[in-house]
Every structure is written in structure tokens, then in C-alpha cells.
Amino acid sequence: MAANSQICSIWLGSETGILKGVSLTKKQAFNFCEMSCMSRDQEVCVMAWGDPHESEVLVGSVNGTVKTFSTDKGIFTATRECGDPSQGRFTGLAVTDSSVITCVESGLLKVWKEGSTETAEVNVGNGICRMQQNQSKRHCVATGGKENPLKVWDLERPDKPIFTAKNVAHDWLDMRVPVWVRDIGFIPDSDKIVTCTGHHQVRVYDPSTPQRRPVLEARFGEYPLTALSVPANQGTVVVGNTHGELAILDLRKGLVCGCLKGLAGAVRGLQCHPSLPLVASCGLDRFLRVHSLKDHSLQHKVWMHKKSCFFLYSPCASSFLFSLQISAYGDVEEVKAEEEEDEVWDTMETVKEKAKKRAAQKDEAPVTGVDGKKEKKTSKKKKK
């Protein structure tokens, strides 16, 4: 299994704690876990690369542990207690050159320094839904949640946030607009940040300007947005909502460029390829789908057996065309293409049955007599 782990280009985490690797070159998928230890407590909340060389994958679980998986050895090499389940699930996981950053729903952000038991704690506010790291400035992270606006933190000076977003103006009824940040993304090669909300809004902020309100706001659909991902090319963002709708939005005009079809459940995870115009999504329908951002076509989909909530791409991946299915017991099974499945159904013989006439039946119904006793009444249907 160690050799197989070195060629996996997509890593997924499931609701039962299974770490799955998909090989794009070998067109195979593998489970990397101890099947006897699977439980809901091991559900994968967040994942992150452990180093720039992608030799380690960090997996954060519901029970507050962060496990280190070696892609070279194909096994879990370390486990660290990084949270208390009573404080909520992990909402973010990041790595710097010398530390690991974790954040939970209660708003407790911790910086775990390598080789030291001491941690630096930052209270970023309650109701955190997402903590995201700025890849160009790895010591900077952004947080946001329910009634907790977007904040940008410099972990080298964590006393107060370096940017705090201001809520938008009141609506046309002069009522306050609720705050609910669901996901955050940093736009590459710029200081701008894009967020999606639980009220189907997409907002762009520019911390480099004095303006704290969004410089752009767009809306998509009528349902809460759950995830977003910024493609390699600037100017667009991919968002998904609770009804399985995916859309590409133009961040310069605030318009919908196109929709990606095929999903049948709430979107739980979105990830654009680092260099190719491809985006993968996973959700409650238990399928991993890969769409093209150019022609919006569905490139492939894989049945994952378990609900996937988070996954990573290897930047070295050059293709997403894989056709293998992961079984519930960790075996690798071949998945037939959809066209082959359609042929099987088309070649099956159609069974036709003639409707039979019902024979006359005698119905007996209880009838209450004059004296209060139940009697049986027999009724015969008249023959035509």
C-alpha cells in the first residue's frame, strides 16, 4: 500500500474517518485506514498538506485529534490531541514552516509549535464556520462565521485582527442584514478575499483599501451557500449550495458565468485544480464529480460509498480521468462507465403482464344490531 500512496493525486476524507487516495495515473482508488477502528468520532473535518513536498497529509477529526499520514510510507505516523470535542468541530487546519494552526467552532485558534508543548491561543469569536490560510502569506489567516464577520489575523501579532469587515448597509426595509460567513477564499496574487454566506451572497473584500465593506456583492440562487473555491485564473469563483447547485461567478461584474450540473445533494466540499481548469466537488449524494471550467461539462464521477466532506489535490496532477470505485471494505473495484450501464439496462427483456379481472368477492363487514350486538353482513356484488 505504501507504493500506491505515492502516486495518489486526490485525497479524500469521509464521515467514518476513512482517508481515501485516488491514483490518476494507475486509475485506482485505495482506502488508508484501519477498518476495525472506523466510527463517527473519526469523521474527517479538515485536511491540509503537512509540508510543501506533499509527503504528509494532516487529518483533523471530530474527536479533536490531528493525525499525520505519510504518503511515502502509506501509514499514519503520528497522532496529536489538538482540540476538545466540547468546543466544537475543527473549522480550519493550516501549516506554517514551524507550526500547525487549528481552529474550532467556539472560536479558539491555536498555534502548535514544532517540538514544543506550548501553544499560542487566539480567541477569534464564537460561531466560527471557516478558517482559511493565505498561501502567499502563510502567517496570515482569515476567519468568519455566524454573526461573526470576516477577520484577517497576523499570527505574528495576534493581539487584534489586522482587518475586520463591516456589515453591509440595511436592506430596503431598513432592517439589519444578518452575518453568516460559510466559506472563505484568498484571490491569488492580490490582497482581495472572497466569501460566501448562508444567505446566498458572494462578497469580495479588499483589505488594502480603507473600505471595510465589500467592494463587490453578488447573489446566486435562493439557498444557503456552503462552499467556494477560487480557480487558478483570476476573476472567477466557484460556489455550491445546499441544493446541489454549482455555479461560476465573475468577480468583476458579479454575474453568473455558467452552472455545473449533475449534483443531487448539498455540496460539502469544493476544490479547484491548482493549474488546470478543473473543479471537483463532493457532497451528500456520495459522488465525487469533476467538471471542466471551460465547457462546464462533467468529466467524471465516482461513487464513494461514504459521504465525503473534504479533499486535497496534488498540484502535480495532470488529469482527473479515473474510473475506479472504493468499496466499503477497502477493496479496489472496477467501476463501469455510465454508457456500459445504460447498455445493460437496454438489453434487458421487458416483462409485460396482462391485467386480470378481479373475481367477485364476498365482503363481510361488522354491523351493529338494534340490541347493540355485532352481526356479520354479507354483500354480494352483482354480475353484469
Side-chain angles (χ1 to χ4, degrees), residues 45-46 89-92 103 105 124-125 127-135 141-152 163-168 171 177-188 190-207 212-261 263 265-272 279-284 289 291 293 296 309-311:
C45 300
V46 288
R89 301 157 58 100
F90 285 118
T91 57
C103 185
E105 292 175 328
V124 298
I128 293 296
C129 295
R130 190 78 171 109
M131 186 272 286
Q132 186 67 269
Q133 183 185 33
N134 187 348
Q135 295 300 323
V141 297
T143 61
K146 198 164 188 178
E147 295 304 330
N148 194 330
L150 171 69
K151 299 175 185 176
V152 181
F163 174 80
T164 302
K166 187 177 181 180
N167 196 11
V168 296
D171 61 11
V177 178
V179 177
W180 192 1
V181 180
R182 294 294 298 267
D183 204 354
I184 305 170
F186 287 88
I187 300 178
S190 71
D191 295 328
K192 295 181 179 180
I193 304 172
V194 58
T195 66
C196 66
T197 73
H199 305 288
H200 60 273
Q201 301 148 338
V202 177
R203 294 169 177 161
V204 179
Y205 297 86
D206 191 354
R212 292 194 295 141
R213 282 179 173 166
V215 296
L216 176 83
E217 178 174 327
R219 294 174 181 266
F220 170 67
E222 300 178 356
Y223 305 105
L225 299 176
T226 56
L228 66 81
S229 183
V230 182
N233 59 331
Q234 298 184 24
T236 59
V237 63
V238 185
V239 296
N241 62 17
T242 56
H243 277 233
E245 298 174 341
L246 284 178
I248 306 172
L249 274 67
D250 189 341
L251 296 179
R252 290 164 292 188
K253 300 180 180 180
L255 302 176
V256 178
C257 300
C259 294
L260 309 177
K261 299 181 179 180
L263 279 77
V267 179
R268 299 186 68 184
L270 272 178
Q271 185 69 43
C272 291
V279 60
S281 61
C282 61
L284 297 184
R289 291 180 173 85
H291 285 86
L293 295 177
H296 306 164
C309 54
F310 208 92
F311 53 94

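Quick note: residue numbers are just sequence positions, from 1. Only this structure's heavy atoms are used, side chains among them; waters, hydrogens and symmetry mates stay out.
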Peer 1: Could you give me the CA-CA distance, side-chain angles and deciding distance for Met131 and Val124, then say whether side chain to side chain contact (heavy atoms under 4.5 Å, CB included) is met?
Peer 2: CA-CA 10 Å; Met131 186 272 286; Val124 298; over 6 Å; no

Peer 1: Any chance you could measure Lys151, atom NZ, to Phe163, atom CZ, to the nearest 0.5 Å?
Peer 2: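 These two atoms lie 12.0 Å from each other.
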
Peer 1: Let's go through His200 and Phe220 carefully: what are the C-alpha distance in whole Å and the side-chain angles of both, what is the deciding distance for ring-ring contact (aromatic ring centres under 6.0 Å, His included) to 0.1 Å, and is it a yes or a no?
Peer 2: CA-CA 6 Å; His200 60 273; Phe220 170 67; 9.1 Å; no

Peer 1: Do Arg89 and Val46 have side chains that get closer than 4.5 Å, going by heavy atoms?
Peer 2: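 Not touching, per the 4.5 Å side-chain cut-off.
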
Peer 1: Using modelled atom types and a 3.5 Å cut-off, is there a donor and acceptor pairing between side-chain atoms of Thr226 and backbone atoms of Arg268?
Peer 2: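 Looks like no, no N/O pair under 3.5 Å.
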
Peer 1: Taking side chain as C-beta onward, heavy atoms only, is Ile128 less than 4.5 Å from Glu105?
Peer 2: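 Not in contact.
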
Peer 1: With sequence neighbours left out, what residues match Lys261 under side-chain contact (heavy atoms from CB on, under 4.5 Å)?
Peer 2: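 Result, side-chain contact (heavy atoms from CB on, under 4.5 Å) vs Lys261: none returned.
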
Peer 1: With sequence neighbours left out, write down each residue that passes salt bridge (Lys or Arg N to Asp or Glu O under 4.0 Å) with Arg219, or none if nothing qualifies.
Peer 2: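 Glu217.
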
Peer 1: Can you measure from OG1 (Thr164) to CG (Leu150) and round to the nearest 0.5 angstrom?
Peer 2: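 Rounded to the nearest 0.5 Å, the OG1-CG separation comes to 8.5 Å.
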
Peer 1: I'd like to check Val141 versus Asn134 (side-chain heavy atoms, cut-off strictly below 4.5 Å). Are they in contact?
Peer 2: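 In short, these two side chains do not touch, never coming nearer than 4.5 Å.
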
Peer 1: Arg252: what forms a salt bridge (Lys or Arg N to Asp or Glu O under 4.0 Å) with it, not counting sequence neighbours?
Peer 2: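 If we apply the salt bridge (Lys or Arg N to Asp or Glu O under 4.0 Å) test to Arg252, skipping adjacent residues, the hits are Asp250.
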
Peer 1: If you define the side chain from C-beta out and look only at heavy atoms, does anything of Val179 sit under 4.5 Å from Asn148?
Peer 2: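 No. Closest side-chain heavy atoms not under 4.5 Å.
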
Peer 1: So do the side chains of Ser281 and Leu246 get within less than 4.5 Å of each other, counting heavy atoms only?
Peer 2: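 Sidechains of Leu246 and Ser281: in contact.
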
Peer 1: Please report the interatomic distance CG(Leu293) to SG(Cys272), rounded to the nearest 0.5 Å.
Peer 2: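 These two atoms lie 5.5 Å from each other.
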
Peer 1: Atom CG in Leu270, atom CG in Asp183: separation rounded to 0.5 Å?
Peer 2: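 It comes to 8.0 Å.
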
Peer 1: With side chains defined as the heavy atoms from C-beta onward, is the minimum distance between Thr197 and Leu225 less than 4.5 Å?
Peer 2: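 Heavy-atom side-chain distance check fails, nothing below 4.5 Å.
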
Peer 1: Could you tell me if the side chain of Pro231 sits less than 4.5 Å from the side chain of Val238, heavy atoms only?
Peer 2: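 Answer yes - side chains close enough.
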
Peer 1: For the side chain to side chain contact (heavy atoms under 4.5 Å, CB included) test, which of His243, Glu245, Arg289 pairs with Leu263?
Peer 2: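 Single pass found, and it is Arg289.
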
Peer 1: Quick one: which of Val237, Thr195, Leu251, Leu249 gives a side chain to side chain contact (heavy atoms under 4.5 Å, CB included) with Val204?
Peer 2: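 Per the side chain to side chain contact (heavy atoms under 4.5 Å, CB included) rule, the option paired with Val204 is Leu251, out of Val237, Thr195, Leu251, Leu249.
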
Peer 1: I'd like to check the ring-ring contact (aromatic ring centres under 6.0 Å, His included) partners of His199; sequence neighbours left out, ordered by chain and number.
Peer 2: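 His199 satisfies ring-ring contact (aromatic ring centres under 6.0 Å, His included) with Trp180 once adjacent residues are dropped.
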
Peer 1: Could you pull out all residues at least two apart from Asp206 that satisfy side-chain contact (heavy atoms from CB on, under 4.5 Å)?
Peer 2: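 For Asp206 the side-chain contact (heavy atoms from CB on, under 4.5 Å) partners, ignoring immediate neighbours, are Asp191, Lys192, Ser208, Thr209, Val215.
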
Peer 1: Going from CD on Gln271 to OG on Ser229, what distance comes out if it is rounded to the nearest 0.5 angstrom?
Peer 2: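 Rounded to the nearest 0.5 Å, the CD-OG separation comes out at 4.5 Å.
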
Peer 1: Assess whether side chain to side chain contact (heavy atoms under 4.5 Å, CB included) is satisfied between His296 and Ile248, documenting all intermediate values.
Peer 2: CA-CA 9 Å; His296 306 164; Ile248 306 172; 3.7 Å; yes

Peer 1: Taking atom CZ of Arg203 and atom CD1 of Ile193, what is their separation to the nearest 0.5 Å?
Peer 2: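 So the gap between those two atoms works out to 14.0 Å.
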
Peer 1: Where the side chain of Arg130 meets the backbone of Val181, is there a donor-acceptor pair that is under 3.5 Å apart?
Peer 2: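 Such a contact is absent between Arg130 side chain and Val181 backbone.
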
Peer 1: Could I get the full list of side-chain contact (heavy atoms from CB on, under 4.5 Å) partners for Pro224, not counting sequence neighbours?
Peer 2: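 Here the qualifying residues are Arg182, Thr242.
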
Peer 1: Could you report the tightest heavy-atom contact between Val267 and Gly244, atom names first, then the distance?
Peer 2: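 Reported closest heavy-atom pair: CG2-CA, 4.1 Å.
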
Peer 1: How close do Ala218 and Gly254 get, heavy atom to heavy atom, and via which atoms?
Peer 2: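 Of all heavy-atom pairs spanning Ala218 and Gly254, the closest is CB-O, 3.4 Å.
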
